[in-house]
Amino acid sequence: MTDVDAAYPNLPDPAGPLDIVAVAGRIGGEVRGLRLEGDLDDATILALRRALFRHKVLFFREQSHLDDEAHQAFAARLGKPVRHPTAPAQHGDFLLELDSHHGGKANTWHTDMTFLTNYPSASILRAVSIPEAGGDTVWANAAEAYARLPQPLQQLADTLRAIHSNDYDYAANQTEADEETDAYHATFVSTVYEAEHPVVRLHPETGERSLLLGSFFKQFVGMSSGDSRRLFETFQSHITRLENTVRWHWRKGDVAIWDNRATQHYAIDDYGTQHRVVRRVTISGDIPLGIDGQKSRQLKPVEFYSALAAE
Ligand SMILES: O=C(O)CCC(=O)C(=O)O
Ligand SMILES: [Fe+2]
């Protein structure tokens, strides 16, 4: 019995009413024959949540019936939609658009919005316009990565805390000036957010431990930036090794939902000047708990931190 089975003992059939086909060995399931919409019944929503915890990312083909409104209505069945703190929502209250012609390219390994203590629990992404070739997205299983770490690295990770910031080195792999990306980034960091998280977080629904890192990582608490970077690369390499990933080749209208508390993802930028547009709704998350019982805390902005402390 897995943690997920234990957490949801009332659903004897692991897939419940869903038809799910594994896409890769360690992460990813395609849900077949389900039409996503705002009025799905509770049993289906429960089965979807449970499948999400098990597979970490769920894929749905042929959801072209979803417009911006229906996308948000479906997302609201999974939890409370939340806005990005700096990037403007252009297509509805909670929709974030990533348009490749306007710098919207997420080609770094990341977990969404980890510069916030209570970063999103899940993201629901819809393919609006997809290039003829290229533009796949890859997800990595951060819980499996922790479970497979050699024991000394696991013990080290257990003791570490890390600072995450939206003011990260976004141009680390940029070889030439790119005005669109620079402009997108300027909006993105218009207010600087910083959160301190445990490197190993407990999943509040399944009890699973997972590594919490990704490209918003800035530094380990108590370590130099040089040592932090080298150690970060070691842990990241365990998360993103190919055996630990699933790659999705999008068609227009596809939807992916990921458990943002146990994954990282990377949108491959291999399609040149072709146009690629995706829209995303994020669902509110909890404040992570480390295995020592210590919670994450917000360091910046100060007003945000005081507001949290006053709660
Ligand atoms: O463009 C994609 O496929 C993924 C973009 C991304 O990182 C996100 O929507 O959170
Ligand atoms: Fe993302």
Side-chain angles (χ1 to χ4, degrees), residues 23 27-28 52 56-61 63 66 68 71-72 74-75 78-79 81-92 94-116 119-131 133-142 164-166 168 170 173 180-181 184-185 187-189 193 212-217 236 239-240 245-272 274-285:
V23 182
I27 175 172
L52 184 62
K56 310 286 191 274
V57 51
L58 298 177
F59 303 105
F60 306 79
R61 292 272 189 215
Q63 304 294 322
L66 286 179
D68 293 339
H71 182 175
Q72 293 181 93
F74 166 68
L78 294 178
V82 281
R83 284 189 189 84
H84 194 282
T86 53
Q90 297 136 323
H91 295 270
F94 298 104
L95 276 173
L96 179 80
E97 180 172 86
L98 288 166
D99 180 332
S100 63
H101 285 173
H102 293 100
K105 294 183 174 186
N107 58 328
T108 58
W109 277 107
H110 66 283
T111 296
D112 291 333
M113 291 157 64
T114 58
F115 44 84
L116 299 177
Y119 63 92
S121 58
S123 298
I124 298 129
L125 188 70
R126 175 167 58 104
V128 174
S129 180
I130 291 298
D136 294 357
T137 306
V138 188
W139 285 262
N141 187 336
H164 294 233
S165 174
N166 58 337
Y168 68 108
Y170 76 101
N173 294 317
E180 293 286 6
T181 309
Y184 185 85
H185 182 72
T187 310
F188 198 84
V189 297
Y193 287 84
L212 169 47
L213 290 167
S215 63
F216 297 118
F217 168 87
Q236 272 295 122
I239 298 169
T240 62
T245 65
V246 62
R247 178 170 176 153
W248 189 249
H249 182 58
W250 294 97
R251 288 185 223 140
K252 187 178 162 156
D254 285 358
V255 168
I257 307 176
W258 57 95
D259 183 342
N260 198 49
R261 298 182 286 207
T263 55
Q264 288 186 20
H265 54 283
Y266 184 116
I268 301 173
D269 177 15
D270 60 349
Y271 48 92
Q274 294 178 82
H275 200 197
R276 182 180 186 278
V277 180
V278 292
R279 291 186 188 155
R280 182 186 89 183
V281 181
T282 43
I283 300 298
S284 75

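Positions are given from 1 along the sequence. As the structure lists them, so they are numbered: ligands from 1, and atoms in each ligand from 1.
- Residues passing the side-chain hydrogen bond (donor to acceptor under 3.5 Å, both in side chains) test with W250, sequence neighbours excluded: T137.
- The distance from atom CG of D259 to atom CH2 of W139, rounded to the nearest 0.5 Å, is 13.0 Å.
- Rounded to the nearest 0.5 Å, atoms NZ (K56) and CD (Q264) are 14.0 Å apart.
- In this structure, ligand 1 sits under 4.0 Å from heavy atoms belonging to L98, A106, H110, D112, L125, T137, W258, H265, A267, R276, V278, R280.
- Ring geometry for H164 versus F217: interplanar angle over 60°, hence perpendicular rather than tilted (30 to 60°).
- Remark: I257 CD1 to R280 CZ distance equals 14.0 Å, nearest 0.5 Å.
- Neighbouring protein atoms of the Fe ion (ligand 2) (N, O or S, distance under 2.8 Å, waters ignored): H110 NE2, D112 OD1, H265 NE2.
- Closest approach of A256 to V57, counting heavy atoms only: CB-CG2, 4.5 Å.
- To the nearest 0.5 angstrom, R126 atom CZ is 12.0 Å from D254 atom CG.
- A distance of 4.5 Å separates CZ of R279 from CG of D68, quoted to the nearest 0.5 Å.
- H249 is linked by a side-chain hydrogen bond (donor to acceptor under 3.5 Å, both in side chains) to D136, counting only residues two or more places apart in sequence or in another chain.
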